[in-house]
K.L.:
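Following this message is one structure expressed as structure tokens.
Naming: A, B, ... by sequence-line order, numbering from 1 per chain.
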Amino acid sequence: MPETLTDQELVRRAKAQRLRAQGQDPYPPRCERTHTIAEARHGYENGEIANNHAVSLAGRLISIRIMGRASFAHLEDGTGRIQLFFRKDALGDASYEAFKGDLDLGDFVGATGTLFTTKTGEVTVSVERWQLLAKAMHPLPDKWHGLKDVETRYRQRYVDLLVNPDVRRVFVTRARLIAALRRFLDSRGFLEVETPILQPIYGGAAAKPFMTHHNPLDQDLYLRISFELYLKRLLVGGYERVYEIGRDFRNEGVSFKHNPEFTQLEFYQAYADYNEVMRITEEMIAYVADEVLGTRRITYQEHEIDLSPPWPRLALRRAILERTGIDYDQHPTAEGLYQAIRAIGGNVEPKATRGKLIDALLSNYVEPHLIQPTFLTDYPLEVSPLAKMKPGHPDTVERFEGFVGGMEICNAFSELNDPEDQEARFIAMGRDAAAGDEEAHPMDDDFLRALRYGMPPTGGFGMGIDRLTMLLTNQASIREVILFPHLRSKE
RNA sequence: GGGCCGCUAGCUCAAUGGCAGAGCACCUGCCUUUUAAGCAGGGAGUUGAAGGUUCGAGUCCUUCGCGGCUCACCA
């Protein structure tokens with residue numbers, strides 16, 4: 001609903017009304033276009049388009065300079081910008097006056113004419129005829145300062161995109177990155193699949209879900225928090241390599257690296273273990289960087305980072321010991337570990353479980369220092385309910401997380417395929433849930449039944465695509481790599 | 001949820017508690033190779049919202065809304 005119109009909106013409305021009164025459609029259904037702007041420019045520069053050969057271009061008018069009986073303007077389409085030159089004697093009085101009177105910055109315009117080079121050296125279209133293609137009713141932001149207000153940039157992303165080419169570039173990179181991931185996995189024989197987003201039982205991660213309801217079946221449903229349990233069912237079904245790229249939903253706070261819905265890649269490879277998955281991971285990330293950026297050396301927030309494999313492997317226990325002096329193996333109880341953390345001045349939740357305390361040590365003391373790519377390995381079983389135990393270490397699982405630029409970007413493990421062990425872990429989590437842990441997994445009987453049919457030894461992997469995009473586009477906030485990030489509603 | 005910062009014209013930003021301004025954009029006029037075109041003139045505001053203090057509030061106080069950063073939880 002338009003509220004009160006500004007003076008500029010009233011002017012544009014009046015122009016559109018005037019055109020309609022003259023029988024002209026400000027939004028015609030078709031236009032003439034023989035070349036993109038990039039094609040016209042390159043064709044002219046390499047001689048393929050002759051000086052007397054007319055081209056028809058279409059795009060948005062982004063600048064106008066009127067100098068009496070001649071004018072310059074810039075036209076922008078998805079491929080670039082080019083200057084237009086309008087002359088009264090070439091166009092005729094009516095067409096030239098209409099150009100001056102009917103057009104505004106932001107309008108879409110089609111222009112036909114020949115190419116020439118101005119005396120300042122700019123390739124320019126000498127316009128012979130032009131047509132309004134779509135009237136813009138709202139003025140563009142400042143042509144020099146652009147749109148800076150972060151809130152407006154996110155709420156009205158279309159304005160951000162149309163005025164800030166760098167922002168457009170980020171999302172092109174994001175799309176290429178996802179395409180490169182698919183090429184990498186496809187070339188290794190992975191099958192891309194789709195699993196339910198609406199799930200009767202959620203699972204596969206420690207997170208609070210969104211709830212919804214299916215009215216005809218009168219059934220409560222959850223938006224998925226991960227793909228894991230469904231993808232593993234597919235391994236039971238006989239597919240040996242599967243992956244899914246899609247949206248996960250977690251009912252938690254927003255931050256510079258969290259959005260309630262985010263894009264995840266998960267893959268599962270039968271007969272692989274977590275060591276094999278580490279090798280795949282470092283190759284995959286390096287491949288994507290090569291494909292998208294042409295280099296494995298990236299700059300992220302003042303850091304020069306080399307993504308080339310192999311990445312160092314470091315046991316989580318050693319990493320925490322080196323950064324804090326705390327060996328959590330020496331503190332087998334939550335209370336003891338809590339006291340040790342207090343002793344080094346750490347501020348943690350007193351009633352946290354031992355696993356959560358270890359996780360806090362990782363996040364607070366280790367993660368920020370992992371700038372160069374690093375795999376931390378061998379996590380506590382207690383915080384890894386779907387990962388296989390490390391032989392000979394009953395409290396530890398074969399799990400790793402990958403860190404780059406001080407951020408966790410992926411999480412993977414040798415998948416637990418022992419149905420009895422899995423059932424025991426679900427039961428233990430049921431106790432956690434009863435004790436008030438809102439992020440504990442609920443029991444998934446059908447998943448257990450699937451495991452009882454037999455799942456091959458499997459390596460599994462999950463990665464936040466948004467965070468990888470942040471790294472490869474050097475963006476400090478996840479909102480800069482999500483087209484329409486979650487914001488609180490106004491009013 | 002806590003702390004800090006911000007919200008003024010379409011956009012980018014000013015304004016000791018004392019007449020709400022500038023640049024871009026817009027409107028009128030001049031201008032046939034300009035490019036942040038230029039020159040002359042003009043219009044444009046519920047200063048995020050609501051209260052309060054004051055002779056007087058964009059400015060000070062309170063509450064609220066939205067955003068950013070940051071801490072706590074997560075990927």
Side-chain angles (χ1 to χ4, degrees), chain A residues 3-12 14-15 62-74 81-91 96 101 104-106 116-122 124 126 136-156 159 163 204-208 225-226 248-266 347-349 352 356 359-360 362-364 367 383 401-403 407-411 437-439 462-468 470 476-479 485 487-491:
Chain A
E3 315 79 60
T4 48
L5 296 171
T6 64
D7 55 346
Q8 299 197 45
E9 289 167 323
L10 290 169
V11 166
R12 287 170 186 242
K15 288 178 179 178
I62 54 165
S63 70
I64 302 176
R65 293 175 294 284
I66 296 176
M67 295 169 304
R69 285 174 289 277
S71 300
F72 288 94
H74 273 103
R81 298 177 173 184
I82 198 164
Q83 184 167 253
L84 306 179
F85 184 44
F86 296 82
R87 287 179 8 159
K88 190 169 193 171
D89 53 10
L91 286 165
Y96 188 76
D104 290 296
L105 292 182
F116 73 106
T117 305
T118 64
K119 65 185 181 188
T120 53
E122 180 161 355
T124 300
S126 181
M137 301 305 266
H138 204 281
L140 257 36
D142 188 288
K143 70 181 173 189
W144 191 245
H145 299 96
L147 178 66
K148 288 186 173 174
D149 183 81
V150 176
E151 184 172 353
T152 309
R153 285 186 47 234
Y154 296 156
R155 287 193 194 276
Q156 296 175 244
V159 183
V163 83
K208 282 173 258 182
I225 59 173
S226 88
D248 276 341
F249 306 85
R250 298 192 183 174
N251 207 337
E252 280 155 7
V254 269
S255 81
F256 75 94
K257 54 179 175 177
H258 296 94
N259 196 63
E261 52 182 301
F262 63 101
T263 300
Q264 183 91 339
L265 161 68
E266 290 189 25
N347 183 19
V348 284
E349 180 67 36
K356 297 235 172 193
D359 199 51
L362 165 60
S363 310
N364 296 337
E367 182 169 349
V383 292
E401 294 185 314
F403 296 84
M407 269 193 304
E408 181 197 330
I409 61 163
C410 64
N411 179 25
D437 184 349
E438 293 180 272
E439 294 176 348
M463 177 171 68
I465 300 282
D466 312 281
R467 290 187 184 176
L468 184 63
M470 289 167 67
S477 167
I478 198 169
R479 295 181 205 92
L487 295 179
R488 200 183 295 268
S489 299
K490 276 204 154 179
E491 318 307 327

K.L.:
Do A:Asp149 side-chain and B:G67 base share a donor-acceptor contact under 3.5 Å?
P.N.:
no
K.L.:
Looking for any heavy atom pair under 4.0 Å, which part of the strands does A:Lys208 touch: base, sugar-phosphate only, or nothing?
P.N.:
nothing
K.L.:
So which nucleotide from B:C66, B:C11, B:G10 ends up closest to the side chain of A:Pro141?
P.N.:
B:C11
K.L.:
Give the nucleotide from the list B:U34, B:A36, B:C11 with an atom nearest to the side chain of A:Met67.
P.N.:
B:U34
K.L.:
Which is more 5' along RNA chain B, the nucleotide nearest A:His138 or the one nearest A:Arg250? Just name the residue.
P.N.:
A:His138
K.L.:
Given atom CE of A:Met137 and atom P of B:G10, what is their separation to the nearest angstrom?
P.N.:
17 Å
K.L.:
Measuring only the C1' atom in each nucleotide, how far is B:A25 from B:G42? A whole number of Å is fine.
P.N.:
14 Å
K.L.:
Does the base of B:U34 carry an N or O that pairs as donor and acceptor with the side chain of A:Glu122 under 3.5 Å?
P.N.:
no
K.L.:
Does some side-chain heavy atom of A:Ile478 sit less than 4.5 Å from a side-chain heavy atom of A:Pro485?
P.N.:
no
K.L.:
What is the nucleic acid contact for A:Tyr96, judged by heavy atoms within less than 4.0 Å: base, sugar-phosphate only, or nothing?
P.N.:
nothing
K.L.:
Mind checking if A:Thr118 touches a base, just sugar-phosphate, or nothing, with heavy atoms under 4.0 Å?
P.N.:
base
K.L.:
When rounded to the nearest Å, what value does the distance between P atoms of B:C73 and B:C5 take?
P.N.:
25 Å
K.L.:
Look at all strands and tell whether A:Arg153 reaches a base, only sugar-phosphate, or nothing, counting heavy atoms closer than 4.0 Å.
P.N.:
nothing
K.L.:
Side chain of A:Phe256 only, heavy atoms from C-beta on: which candidate in B:G68, B:U70, B:U33 is closest?
P.N.:
B:U70
K.L.:
For A:Arg488, report the nucleic acid contact type (base, sugar-phosphate, nothing); a contact means any heavy atom under 4.0 Å.
P.N.:
sugar-phosphate
K.L.:
Given B:A75, B:U12, B:G67, which nucleotide is nearest the side-chain atoms of A:Lys148?
P.N.:
B:U12
K.L.:
So, is A:Arg65 close to the B:G38 phosphate, meaning a side-chain N or O under 4.0 Å from OP1 or OP2?
P.N.:
no
K.L.:
A:Phe85 vs A:Phe116 aromatic rings, parallel, tilted or perpendicular, using cut-offs 30° and 60°?
P.N.:
tilted
K.L.:
I need the NE2-P distance between A:His74 and B:A25, as an integer number of Å.
P.N.:
15 Å
K.L.:
Taking the six-membered ring for Trp, does A:Phe262 stack with B:A75 (centroid gap under 5.5 Å, planes within less than 30°)?
P.N.:
yes
K.L.:
Checking all strands, does A:Ala206 fall into the base, sugar-phosphate, or nothing category for heavy-atom contacts under 4.0 angstrom?
P.N.:
sugar-phosphate
K.L.:
With A:Arg69, which residues qualify under salt bridge (charged side-chain N to carboxylate O under 4.0 Å, His left out), at least two apart?
P.N.:
none
K.L.:
How many whole angstroms separate atom CG of A:Asp142 from atom P of B:A9?
P.N.:
13 Å
K.L.:
Heavy atoms only, 4.0 Å cut-off, all strands: where does A:Gln83 land among base, sugar-phosphate and nothing?
P.N.:
base
K.L.:
Are A:Glu9 and A:His138 packed together at the side-chain level, in the sense that at least one heavy-atom pair is separated by less than 4.5 angstrom?
P.N.:
yes
K.L.:
How many whole angstroms separate atom CD of A:Glu9 from atom C1' of B:A44?
P.N.:
12 Å
K.L.:
Using side-chain heavy atoms (C-beta onward) and a distance below 4.5 Å, is A:Leu362 in contact with A:Glu401?
P.N.:
yes
K.L.:
To the nearest Å, give me how far apart CG (A:Asn364) and C1' (B:C73) are.
P.N.:
11 Å
K.L.:
Base, sugar-phosphate alone, or nothing: which one does A:Lys119 contact when heavy atoms must sit under 4.0 Å apart?
P.N.:
base
K.L.:
Just by modelled atom types, is the A:Leu147 backbone N or O under 3.5 Å from a matching donor or acceptor in the A:Arg153 side chain?
P.N.:
no
K.L.:
If we ignore hydrogens and angles and just use 3.5 Å, is the side chain of A:Glu367 paired with the main-chain N or O of A:Glu408 as donor and acceptor?
P.N.:
yes
K.L.:
What's the closest nucleotide to the side chain of A:Ala70 if the choices are B:A36, B:U32, B:A25?
P.N.:
B:U32
K.L.:
Verify the contact: side-chain N or O of A:Arg479 to OP1 or OP2 of B:G68, cut-off strictly under 4.0 Å; return yes or no.
P.N.:
yes
K.L.:
Answer with yes or no whether A:Glu408 presents, from its side chain, a donor or acceptor under 3.5 Å of a partner atom in the base of B:A75.
P.N.:
no
K.L.:
Applying a 4.0 Å non-hydrogen cut-off, can you work out what A:Asn259 is touching in the nucleic acid: base, sugar-phosphate, or nothing?
P.N.:
base
K.L.:
RNA chain B in dot-bracket, Watson-Crick or G-U pairs under 3.5 Å, [ ] crossing, | other strand?
P.N.:
(((((((..((((....[..)))).(((((.......))))).....(((((..]....))))))))))))....
K.L.:
Once you apply a heavy-atom cut-off of 4.0 Å, does A:Asp359 come out as touching a base, just sugar-phosphate, or nothing?
P.N.:
sugar-phosphate
K.L.:
Report the distance from atom CG of A:Leu147 to atom P of B:C13, rounded to the nearest whole Å.
P.N.:
10 Å
K.L.:
From B:U33, B:U12, B:G68, pick the nucleotide closest to the side chain of A:His145?
P.N.:
B:U12
K.L.:
Judged by atom type as modelled, is there a donor-acceptor pair below 3.5 Å linking the side chain of A:Arg250 to the main-chain atoms of A:Ile225?
P.N.:
yes
K.L.:
Ignoring hydrogens and geometry, is there a side-chain-to-backbone donor-acceptor pair from A:Arg81 to A:His74 under 3.5 Å?
P.N.:
no
K.L.:
If the cut-off is 4.0 Å, is A:Lys15 near the phosphate of B:C27, judged by side-chain N/O to OP1 or OP2?
P.N.:
yes
K.L.:
Quick one: are A:Ser226 and A:Glu266 in side-chain contact, heavy atoms under 4.5 Å?
P.N.:
yes
K.L.:
So what does A:Arg12 touch, heavy atoms closer than 4.0 Å: a base, only the sugar-phosphate, or nothing?
P.N.:
nothing
K.L.:
Rounded to whole angstrom, note down the P distance from B:C31 over to B:U12.
P.N.:
35 Å
K.L.:
Can you tell me the distance, in whole Å, between the CG atom of A:Leu5 and the P atom of B:G45?
P.N.:
13 Å
K.L.:
Could you tell me whether A:Gly462 contacts a base, only the sugar-phosphate backbone, or nothing, with contacts defined as non-hydrogen atoms closer than 4.0 Å?
P.N.:
nothing
K.L.:
Out of B:U33, B:U32, B:A25, which has the shortest distance to the side chain of A:Gln8?
P.N.:
B:A25
K.L.:
Could you tell me whether A:Asn411 contacts a base, only the sugar-phosphate backbone, or nothing, with contacts defined as non-hydrogen atoms closer than 4.0 Å?
P.N.:
nothing
K.L.:
Using whole Å, what does the distance between atom P of nucleotide B:A36 and atom CZ of A:Arg81 come to?
P.N.:
12 Å
K.L.:
Which residue, A:Thr263 or A:Gly146, contacts RNA chain B at a nucleotide closer to its 5' end, judged by nearest heavy atom?
P.N.:
A:Gly146
K.L.:
Looking at every strand, decide which applies to A:Ile409 at a 4.0 Å heavy-atom threshold: base, sugar-phosphate, or nothing.
P.N.:
nothing
K.L.:
Less than 4.5 Å apart, side chain to side chain, heavy atoms only: is that true for A:Pro260 and A:Asn251?
P.N.:
no
